[in-house]
Amino acid sequence: STVPTDLALPAQSTDTAPAGTIDAAHVASLSLDPRLLRDQLDLKGGCTGVQGSPAQSRCELLAIADLYAFSVIPPQVEATLWAALAQDPNLVDIGQTRDRVGREGVGISLELPDSGPERLILIIDPKTGHLLGREDLLLGGGRELGITTPAIIAFTAYVSSGWTY
């Protein structure tokens, strides 16, 4: 994954949630044991996939992306998230890559052959442990949609995370 030099970056957005709509205590309640944390992610994400299946892995990746979308993640929890994912045999370390705003990171991917086929990628900053971004790639079946595959069908770049007072 590289950022084309002629890519016009999309408009940025800020997600704001009204008070009381996000459970801020949820992140603080997450276990620092990788196995227990995966169970908590499964419960929060409503995962119904068979343990060890790609569907289960997809659900956990999406649950992690949701955590980052709505929470500031403490370093200890980040470390546990990545330790939990390191135990997942369905995930592949794709090595050094760049996110959609050009930052260097390490990519972790999940292939979903029955879903399009599709590839989900999380890009992590190896120095800080922060999630830099997420990409969803359609690897086939684009003809019906009028697109050439492989194609990036969605991405998110996390450029900052913090508390406001």
Side-chain angles (χ1 to χ4, degrees), residues 1 3 7 9-49 51-88 90-94 97-112 115-116 118-138 152-165:
S1 298
V3 178
L7 177 69
L9 292 177
Q12 293 185 8
S13 69
T14 300
D15 294 329
T16 305
T21 61
I22 303 295
D23 181 5
H26 175 66
V27 172
S29 73
L30 293 174
S31 176
L32 297 180
D33 177 300
R35 286 182 312 227
L36 295 176
L37 177 60
R38 287 184 77 181
D39 290 343
Q40 290 174 311
L41 291 173
D42 292 346
L43 289 172
K44 186 71 173 175
C47 298
T48 58
Q51 194 69 18
S53 71
Q56 182 80 14
S57 300
R58 179 182 193 276
C59 188
E60 290 171 1
L61 286 181
L62 296 178
I64 289 171
D66 284 349
L67 279 177
Y68 276 89
F70 295 107
S71 304
V72 177
I73 311 298
Q76 313 91 301
V77 174
E78 283 181 319
T80 307
L81 287 170
W82 310 138
L85 290 186
Q87 299 172 4
D88 190 327
N90 296 308
L91 301 180
V92 176
D93 178 350
I94 59 173
T97 188
R98 290 186 186 270
D99 72 357
R100 293 290 137 193
V101 294
R103 299 172 294 180
E104 297 263 340
V106 173
I108 297 171
S109 79
L110 171 66
E111 300 278 333
L112 298 164
S115 178
E118 182 182 9
R119 178 183 298 150
L120 302 179
I121 300 173
L122 295 183
I123 303 169
I124 303 158
D125 184 325
K127 295 179 187 126
T128 65
H130 299 317
L131 181 63
L132 297 175
R134 167 189 163 189
E135 296 185 1
D136 299 355
L137 283 75
L138 185 63
I152 297 169
I153 54 174
F155 72 88
T156 302
Y158 300 99
V159 294
S160 68
S161 177
W163 294 103
T164 57
Y165 299 95

For this session: Kindly state each residue pair satisfying salt bridge (Lys or Arg N to Asp or Glu O under 4.0 Å) with at least one member in residues 59-69, sequence neighbours excluded.
Result: Arg38-Glu60
For this session: Could you tell me the separation between the CG atom of Leu122 and the CG atom of Asp99, rounded to the nearest 0.5 Å?
Result: 12.0 Å
Problem set entry | Value rounded to 0.5 Å, distance of CG in Leu131 from CD1 in Ile73 | 9.0 Å
For this session: Give a yes or no answer on whether the side chain of Arg134 reaches the backbone of Ala65 with a donor-acceptor pair at less than 3.5 Å.
Result: no
For this session: Measure the spacing between CG of Leu138 and CD1 of Ile152 and express it to the nearest 0.5 Å.
Result: 11.5 Å
Problem set entry | Step-by-step side-chain contact (heavy atoms from CB on, under 4.5 Å) determination, Leu67 to Leu41 | CA-CA 9 Å; Leu67 279 177; Leu41 291 173; 3.8 Å; yes
Problem set entry | Leu85 vs Leu61, side-chain contact (heavy atoms from CB on, under 4.5 Å): CA-CA, chis, key distance, verdict | CA-CA 8 Å; Leu85 290 186; Leu61 286 181; 3.8 Å; yes
Exercise. Do the rings of Tyr68 and Tyr158 sit parallel, tilted or perpendicular, given the 30° and 60° boundaries?
Worked result: tilted
Problem set entry | Test item: Val101 and Phe155 side chains (from C-beta on) under 4.5 Å apart, heavy atoms | no
For this session: Take Arg103 and Asp125 through the side-chain contact (heavy atoms from CB on, under 4.5 Å) test and state the conclusion after the steps.
Result: CA-CA 8 Å; Arg103 299 172 294 180; Asp125 184 325; over 6 Å; no
Seminar exercise, completed: Applying side-chain hydrogen bond (donor to acceptor under 3.5 Å, both in side chains) to Ser57 and not counting sequence neighbours gives Asp88, Asn90
For this session: Could you list the residues that satisfy side-chain contact (heavy atoms from CB on, under 4.5 Å) with Thr80, not counting sequence neighbours?
Result: Leu32, Pro34, Leu37
For this session: Indicate the atoms forming the closest heavy-atom contact of Ile94 with Ser109, along with that distance.
Result: CG2-OG, 3.5 Å
Problem set entry | Reported CG-to-CG distance for the pair Leu36 and Leu30, which is rounded to 0.5 angstrom | 11.0 Å
Exercise. In chain order, what residues pass the salt bridge (charged side-chain N to carboxylate O under 4.0 Å, His left out) check against Glu78, with sequence neighbours excluded?
Worked result: none
Exercise. Nearest 0.5 Å, what's the CD1-CG distance between Ile124 and Leu132?
Worked result: 8.5 Å
Exercise. Does a side-chain heavy-atom distance below 4.5 Å link Leu110 with Arg58?
Worked result: yes
For this session: Answer yes or no: is there a donor N or O on one side and an acceptor on the other, between the side chain of Gln40 and the main chain of Ser29, under 3.5 Å?
Result: yes
Problem set entry | Contact summary for Val27 and Pro74, nearest pair of heavy atoms | CG1-CD, 3.4 Å
Problem set entry | Pairwise distance CG(Leu91) to CD(Glu111) - rounded to 0.5 angstrom | 11.0 Å
